[in-house]
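All values derive from a computational prediction rather than experimental measurement. Sequence positions, counted from 1, serve as the residue numbers for this chain. What you see below is based on every heavy atom in this structure, not just the backbone, and it leaves out hydrogens, waters and symmetry mates.
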Amino acid sequence: MDSLSQIVLGGALAAAVAPAGHRRAALLAGAALGTLPDLDSFVMLPLDLDPVDMMTWHRGPSHSLFVLLPLAALIWAGFRALGGRVAQAPGRWFLAIALALATHPVLDAFTVYGTQLWWPIPVSPAMWSSLFIIDPLYTLPLLVACVLAWRWRERDAARRALVVGLALSTAYIGWSLAAKTLVDRQAERTLAGMGLRDAPRFSVPMPFNTLLWRVVVMTPDGFLEGERSLVADTGPMVFRAYSSDAQALERVGEFAAVKRLHWFNHGFMKAEVRERQLVLSDLRMGAEPDYSFRFVVAEREGLGWREIPPRQIDWPWEASRRLSQMWQRIWEAPPAPGEDGAATQAVR
């Protein structure tokens, strides 16, 4: 999730469990600890990593519960030895520190990016994908609660505000999981009728909301993409079919960067050849044809491919147009296949 969400979550949790007289200090400490794991990006900058390593090591060791829980114990022990507030209420402060650190990667796992909760165990990153990386409806209750707790200090009302803020934000996560279940069930029914019941797929909310969802389904020669509005859509989902160079992707499958990406994104990649270069796009973040992560991983050499140092490339993304279309799509169902020049190949 975005840094503000992590800051207010860490601050709210720490302030809710710390003694009333320590509330402001706990808000500041929790905010700092809540954003600490994301500082791995700055640690990696001087290491001269290639862009694939930069992407796949972010949310790695710094987001592992096997790292953060011992780190919480070390931080707690260090401050307890110094005396002060932690020594005055060691049990509550240990819980405050541990919660502020450990909930950071757990919240991140609700997005689609991929969080390595169990590093160094070599399992694919968790991507529960029920929240977009920025969602104001999740963050706002926590932000308001932290502001009120800062103003009300030791008053009982401050703790009640924190509890309410945490309850509302947690309930919103619960709603996002319920919404995802509704979308996944409809996608499964539609795909079963197409003979794709077992095809690899994922669903993810569109930016800043949990009312409009995007579903991507992998096929032997490419992938399908469709949207589902929980407000406007009824009946089977409508998907558009897109091609991917599966043959080229298979030929470069043993290249180090390709193997790393495949592990990290669970195989949700699009392969295409542009100017004799093979470009891999991460299908999880973005929407056709605009994706946040695209990497050149190989160059054509005769009839085969030559491995090259990965290079990230940016292609134009018309944010204002995309966001206005998304907002309209929440409230309006798409035209039936074949009507109004309905885009690409629509299948039911």
[X], [atom1]: over 12 other non-hydrogen atoms inside 6.0 angstrom:
| X | atom1 | answer |
| --- | --- | --- |
| Arg80 | CZ | no |
| His262 | NE2 | no |
| Glu250 | CD | no |
| Phe79 | CZ | no |
| Arg306 | CZ | yes |

For the hydrophobic clusters of this structure (ILVMFWY residues joined by side-chain heavy atoms under 4.5 Å, transitively), does one cluster hold both [X] and [Y]?
| X | Y | value |
| --- | --- | --- |
| Leu182 | Phe239 | yes |
| Leu4 | Leu168 | no |
| Tyr242 | Phe268 | yes |
| Leu283 | Val297 | yes |
| Leu166 | Leu143 | yes |

Arg159 and Glu154: salt bridge (Lys or Arg N to Asp or Glu O under 4.0 Å), yes or no, with the steps?
CA-CA 8 Å; Arg159 187 175 184 278; Glu154 300 177 19; over 6 Å; no

Taking atom [atom1] of [X] and atom [atom2] of [Y], what is their separation to the nearest 0.5 Å?
| X | Y | atom1 | atom2 | value |
| --- | --- | --- | --- | --- |
| Thr170 | Leu9 | OG1 | CG | 8.0 Å |
| Leu212 | Asp233 | CG | CG | 8.0 Å |
| Arg329 | Gln325 | CZ | CD | 11.5 Å |
| Ser229 | Leu211 | OG | CG | 7.0 Å |
| Gln186 | Leu230 | CD | CG | 10.5 Å |
| Gln312 | Asp50 | CD | CG | 10.5 Å |

Relative to each other, are the rings of Trp128 and Phe110 parallel, tilted or perpendicular (30° and 60° limits)?
perpendicular

Could you tell me how the ring of Phe66 sits relative to the ring of Trp118: parallel (under 30°), tilted (30 to 60°) or perpendicular (over 60°)?
tilted

Can you name the nearest heavy-atom pair linking [X] to [Y], along with the distance?
| X | Y | answer |
| --- | --- | --- |
| Ala16 | Leu162 | N-CD1, 3.7 Å |
| Arg284 | Val112 | NH1-O, 2.8 Å |
| Ser169 | Leu142 | OG-CD2, 3.5 Å |
| Trp305 | Gln277 | CZ3-C, 4.1 Å |
| Ala179 | Trp213 | CB-CZ2, 3.7 Å |
| Ser281 | Tyr291 | CB-CD1, 3.9 Å |

Close side-chain approach of [X] and [Y], heavy atoms under 4.5 Å:
| X | Y | answer |
| --- | --- | --- |
| Arg23 | Arg153 | no |
| Glu254 | Lys259 | yes |
| Trp150 | Val147 | no |
| Arg160 | Val163 | no |
| Phe295 | Arg311 | no |
| Pro37 | Leu68 | yes |
| His63 | Asp108 | yes |
| Phe293 | Leu261 | no |

Would you say the side-chain atoms of [X] pair up with the backbone N or O of [Y], donor to acceptor, closer than 3.5 Å?
| X | Y | value |
| --- | --- | --- |
| Glu307 | Ala256 | yes |
| Asn209 | Pro207 | yes |
| Ser64 | Pro61 | no |
| Ser129 | Thr111 | no |
| Ser124 | Trp263 | yes |
| Asp40 | Arg59 | yes |
| His266 | Pro125 | yes |
| Glu272 | Val279 | no |

Cut-off 3.5 Å, side chains only: do [X] and [Y] have a donor facing an acceptor?
| X | Y | value |
| --- | --- | --- |
| Tyr138 | Ser176 | no |
| Ser5 | Thr139 | yes |
| Ser203 | Lys180 | yes |

Electrostatic pair Arg197:Glu188 at N-O distance under 4.0 angstrom:
yes

Salt-bridged, Glu275 to Arg300, with N to O below 4.0 Å?
no

Would you check, one step at a time, whether the test salt bridge (Lys or Arg N to Asp or Glu O under 4.0 Å) holds for Arg214 with Glu225?
CA-CA 7 Å; Arg214 172 173 171 260; Glu225 182 181 68; 2.7 Å; yes

Between Met194 and Val217, is a side chain to side chain contact (heavy atoms under 4.5 Å, CB included) present by the stated rule, with each step listed?
CA-CA 12 Å; Met194 299 161 51; Val217 185; over 6 Å; no

Under the criterion side chain to side chain contact (heavy atoms under 4.5 Å, CB included), I'd like the reasoning laid out for His22 against Gln88: C-alpha separation, chi angles, the key distance, then a yes or no.
CA-CA 10 Å; His22 301 174; Gln88 294 169 17; 3.1 Å; yes

Does Tyr113 form a ring pair (Phe, Tyr, Trp, His ring centres under 6.0 Å) with His58? I'd like the steps, not just the answer.
CA-CA 10 Å; Tyr113 184 93; His58 177 51; 5.8 Å; yes

